[in-house]
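The block underneath contains the structure these notes are about, expressed in structure tokens.
Throughout, a chain's letter reflects where its sequence line sits, starting with A, and its residues are numbered from 1.
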Amino acid sequence: MAKNSGHWSQGLLASMNDTNAVVDSDDTVVIIKDKYPKALFHFLVMPRQKIPYLKSVTTNDLALLEYIQKKGEEIAQRANTELKFRFGYHAVPSMSHLHMHVISQDFNSPCLKTKKHWNSFTTEYFVDSKDVIQQIKLKGIFSPDIHEMNELLKRDLRCHVCNKGFSTISSLKAHIVMHDVTVLRDS
DNA sequence: GTTCTAGAAC
DNA sequence: GTTCTAGAAC
């Protein structure tokens, strides 16, 4: 067995072949349900092409990134047309293999347990796909300040809708269920 | 990424 | 006494 192939950080490669996890796939991408969803709907869109990290993406991959975003928007629309979604990447992911998060903005999930979880989806640590694409177009590479990003994970808890501060995850979670996070529509 | 758990916070 | 967070995991 190859060194590190069974390491936890390689788990997404296994999930790509797990028929219980995969919700959609084609020649270019595989979409899975996040194993520990942090909201009612939480998917990962991954290229079949082996791209270990976001920082290894170049201008040659822009079409692929656009396609990943498009497929993410499709799966969100198919899953739930009422809730708001975001499509983006963690600035410093823990899991290897490029993956874009598709996550509904309710954050209503028992798997969301820690300050790190919360801040990774609600601070600038979560970078919208369109901003990643824009940055690669401008600079040729996505290169976040790692130290600055890791500091964001320690930031005090704040509601992502009204910005109210909380001292514990429990009180924050009790608060956010009261917000309407459905898409606003013209009548 | 999660699990476990010691000790801080309440 | 219970809730909660934060750091080790060989």
Original post:
Rounded to whole angstrom units, what separation is found between the CE atom of A/Met46 and the P atom of B/dG1?
Top reply: 15 Å

Original post:
How is A/His7 classified with respect to the nucleic acid when contacts are heavy atoms under 4.0 Å: base, sugar-phosphate, or nothing?
Top reply: nothing

**OP:** Measure from NZ or CZ of A/Lys164 to the centre of the six-membered ring of A/Phe166 and say whether it is under 6.0 Å with the direction within 45° of the ring axis.
**Re:** yes

Original post:
Hey, is the side chain of A/Lys116 poking within less than 4.0 Å of OP1 or OP2 on B/dG1, counting only N and O atoms?
Top reply: yes

Original post:
Which whole-number value in Å describes the distance from A/His117 NE2 to C/dT5 P?
Top reply: 12 Å

**OP:** Answer yes or no: are there more than 12 heavy-atom neighbours, outside A/Lys33 itself, under 6.0 Å from its atom NZ?
**Re:** no

Original post:
Between A/Lys113 and C/dA6, is there a side-chain N or O to OP1/OP2 distance below 4.0 Å?
Top reply: no

Original post:
What is the distance from CH2 of A/Trp8 to P of B/dT2, rounded to the nearest Å?
Top reply: 9 Å

Original post:
Do A/Gln77 and A/Glu73 have a side chain donor and acceptor closer than 3.5 Å?
Top reply: no

**OP:** Measure from the side chain of A/Lys115, starting at C-beta and using heavy atoms only, and say which of C/dA6, C/dT5, B/dG1 lies closest.
**Re:** C/dA6

Original post:
Transitively linked via ILVMFWY side-chain contacts under 4.5 Å: A/Tyr67 with A/Ile31?
Top reply: yes

**OP:** Look at A/Arg78 together with A/Asp24 and state whether they make a salt bridge at an N to O cut-off of under 4.0 Å.
**Re:** yes

**OP:** Would you mind reading off the distance between A/Ile32 atom CD1 and B/dG1 atom P, rounded to a whole angstrom?
**Re:** 13 Å

**OP:** Considering just the side-chain nitrogens and oxygens of A/His99, establish if one lies under 4.0 Å of OP1 or OP2 belonging to B/dG1.
**Re:** no

Subject >> d(NZ, A/Lys33; P, B/dG1) in whole Å >> reply: 20 Å

Original post:
So, is A/Lys154 near the phosphate of C/dT5, with a side-chain N or O under 4.0 Å from OP1 or OP2?
Top reply: no

Original post:
Counting only side-chain N and O atoms of A/Ser170, is one of them less than 4.0 Å from OP1 or OP2 of C/dC4?
Top reply: yes

Original post:
Within this structure, what is the CG-to-P distance between A/Asn119 and C/dT5, rounded to whole angstrom?
Top reply: 12 Å

Original post:
Could you state the CZ-C1' distance from A/Phe121 to B/dG1, rounded to the nearest angstrom?
Top reply: 11 Å

